[in-house]
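What you see is a predicted model; the values in this text were computed from it and never measured.
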Amino acid sequence: MVELSKLESLGFTPFFAQQIGDIKDPGLVPARVAAAQCGRFALLGCRSSFGALTGRLRRGGTDPSMLPTVGDWVIIRDGDGGTALITVLLKRRTGFVRRAPGSLTEVQVIAANIDTVFIVTSANREFNPRRIERYLTAVWNSGAVPVVVVNKIDVCPDLPGLLSALAAVAPDVPVIAASALVGEGLEQLRAHITPGATVALVGSSGVGKSSLVNRLLGTVRQITHESRSEDDKGRHTTTHRELFMTPLGGLLIDTPGLRELGLWDDGEGRDRVFPDVEAVAARCRFNDCRHEDEPGCAVRLAISSGELAEERLVSYLKLGQEQTGIERQRDAMVAASARRRWKSAARSSQEWDDRAGYEPDPAEGSQRRPPR
């Protein structure tokens, strides 16, 4: 058994130690997933560099979100440096997820067991306050702590104005102005990457996530490209998610640019992103006020007086409707699955009765009795 203290630098905490119990088999050890591609997993904290799923774990993986992903802790049967067998996926402490692209009912886990999420945007035409609100909601729902990173400030004509706009949409969230090109803001970023802590970088393509990772690692580990000059749009340079150890002991997870971030969890993230809307809404006459044309709506009054920006309300309502829609889809799926199971059980019971020669008992309604 690997000494658990040696895994602390990889983020192994008592939360995971309690799950593995007293493993007496010296061949079974914990390891952390550093990358996952096509059923092959790069591992850290063990002798084997790569891992593959056991048949039992693979067969039980009909839900993709329950398969190992970057940042996960797993139990493996370690080898002599070859490919290990992944036998158990440990319960996640946190997870940054999104609705799978093109689906209303499937979830995709972007990164697992993270402490902090750097929401990276750029100080050019890519900057979008509404997108930042969406990312903040997803991060708060994940259980991690958000930090907004404004990269490429070396090309920003009005940095004070941009930071002022951010303060309005990211209340009580640290905002770091950085430039991967000239190295500005790196010390502020490193302050969040403490030994044993895991930080994930998320954002659109072209905002400079990989450039920041290279700077923080002190070496070129990720390929980077310039954004298109005509529209400041970036190209996908990072094609997969990967976990790196930094020279100071923390861990970084680089992720590909996200073209869309569909919300999945219906947690308290939206309330934490919109405390201004929530505070005003508490003054509405009706508890179930929709903030449209109801009498005594404090939110509409606040918008009319300039106390509250209307775009904040529009974004707040849109995210709420999206989360409600997803919840309804899930409920419908659960109900449909229950109906299918009930019909299958009823058919099996009917077939069994037919084979046994049972006949209906009129005195007991749908109950059956053996023929006489």
Side-chain angles (χ1 to χ4, degrees), residues 1-36 41-51 53 57 65-78 84-97 107-119 138-147 173-174 189-202 213 216-217 241-255 264-265 267-269 272:
M1 181 71 182
V2 176
E3 290 184 24
L4 300 185
S5 59
K6 294 182 179 180
L7 300 177
E8 291 179 357
S9 61
L10 294 176
F12 196 80
T13 66
F15 176 84
F16 304 107
Q18 292 171 1
Q19 295 183 56
I20 66 175
D22 186 14
I23 297 179
K24 295 180 170 42
D25 188 337
L28 292 178
V29 298
R32 194 164 195 193
V33 177
F41 303 86
L43 302 175
L44 295 176
C46 57
R47 291 177 297 173
S48 299
S49 300
F50 297 97
L53 301 179
L57 189 58
S65 68
M66 297 310 297
L67 292 176
T69 192
V70 176
D72 270 323
W73 281 97
V74 294
I75 298 299
I76 67 169
R77 183 166 293 283
D78 206 357
L85 286 177
I86 299 175
T87 62
V88 177
L89 169 64
L90 296 184
K91 182 179 178 181
R92 294 167 180 140
R93 185 171 56 83
T94 62
F96 182 77
V97 304
V107 61
Q108 179 186 24
V109 184
I110 303 298
N113 301 313
I114 46 180
D115 299 286
T116 303
V117 176
F118 286 168
I119 302 172
V139 173
W140 283 125
N141 283 341
S142 76
V145 175
V147 173
V173 174
L189 296 175
R190 290 190 180 102
H192 295 275
I193 314 171
T194 55
T198 302
V199 176
L201 289 85
V202 300
V213 168
L216 292 168
L217 293 178
R241 289 158 277 159
E242 189 169 356
L243 181 149
F244 302 96
M245 288 198 68
T246 68
L248 298 180
L251 301 108
L252 288 176
I253 297 179
D254 192 12
T255 67
W264 180 255
D265 292 330
E268 299 179 354
R272 299 194 67 165

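- Around the CD atom of Q19, the shell of radius 6.0 Å holds more than 12 heavy atoms that belong to other residues, nucleotides or ligands.
- Judged purely by atom type and a 3.5 angstrom limit, N113 uses its side chain to pair as donor or acceptor with the backbone of G71.
- Classification of the W73-F16 ring pair by plane angle, with boundaries at 30° and 60°, yields tilted.
- A donor and an acceptor atom, one from each side chain of T198 and R32, are located under 3.5 Å apart.
- A 4.5 Å side-chain heavy-atom check between V74 and F41 finds every atom pair outside the cut-off.
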| side chain to side chain contact (heavy atoms under 4.5 Å, CB included) evaluation trace for F244 with L251 | CA-CA 6 Å; F244 302 96; L251 301 108; over 6 Å; no

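- One distance of note links OG1 of T69 with CD1 of I110; it measures 7.5 Å at 0.5 Å rounding.
- Between A112 and I253, the closest heavy-atom pair is O-CD1, 4.5 Å.
- In this structure the side chain of D115 never reaches within 4.5 angstrom of the side chain of V199, judged on heavy atoms.
- Here the side chains of V109 and M66 are not in contact, with every heavy-atom distance at 4.5 Å or above.
- F118 is not listed as a side-chain neighbour of V202, based on a closest heavy-atom distance of 4.5 Å or more.
- To the nearest 0.5 Å, atoms CD1 (I76) and CZ (R47) are separated by 9.0 Å.
- Between R241 and D254, no side-chain nitrogen of the basic residue sits less than 4.0 Å from a carboxylate oxygen of the acidic one, so the salt-bridge criterion is not met.
- Minimum heavy-atom separation, P68 to V33: CB-CG2, 4.2 Å.
- Shown here for L7 and G45, the closest heavy-atom pair between the two residues is CD2-O, 3.6 Å.
- Here CG of L90 is found 7.5 Å from CD1 of I20. Values are rounded to the nearest 0.5 Å.
- Within the 4.5 Å cutoff, side-chain heavy atoms of L10 are placed close to those of M245.
- Side-chain atoms of D78 come within 3.5 Å of backbone atoms of S48 as a donor-acceptor pair (strictly under, hydrogens ignored).
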| Full working for side chain to side chain contact (heavy atoms under 4.5 Å, CB included) between V147 and V173 | CA-CA 6 Å; V147 173; V173 174; 5.5 Å; no

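- With hydrogens and angles ignored, the 3.5 Å screen pairs no side-chain donor or acceptor of S9 with any backbone N or O of G249.
- Evaluation of the side chain to side chain donor-acceptor pair (under 3.5 Å) rule for R272 yields no partner, not counting sequence neighbours.
- Nearest heavy atoms, A84 versus L43: CB-CD1, 4.2 Å.
- Here D25 contributes atom CG and T87 contributes atom OG1; the two are 9.5 Å apart, rounded to the nearest 0.5 Å.
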| task | Take L201 and V213 through the test side chain to side chain contact (heavy atoms under 4.5 Å, CB included) and record every step on the way to the result. | result | CA-CA 8 Å; L201 289 85; V213 168; 4.0 Å; yes

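- Counting all heavy atoms, side chain and backbone alike, A197 lies closest to H192 at CB-O, 4.4 Å.
- Applying the side-chain contact (heavy atoms from CB on, under 4.5 Å) test between L243 and each of L252, I114, L44 identifies L44 as the sole match.
- Taken to the nearest 0.5 Å, the CD1 atom of I86 stands 9.5 Å off from the CG atom of D72.
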| query | What's the verdict on side chain to side chain contact (heavy atoms under 4.5 Å, CB included) for L216 and R190, showing C-alpha distance, side-chain angles and the deciding distance? | reply | CA-CA 7 Å; L216 292 168; R190 290 190 180 102; 3.7 Å; yes

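- Between the CZ atom in R93 and the OG atom in S142 there is a gap of 10.0 Å [rounded to 0.5 Å].
- Closest approach of A144 and T116 over heavy atoms only: CB-N, 4.3 Å.
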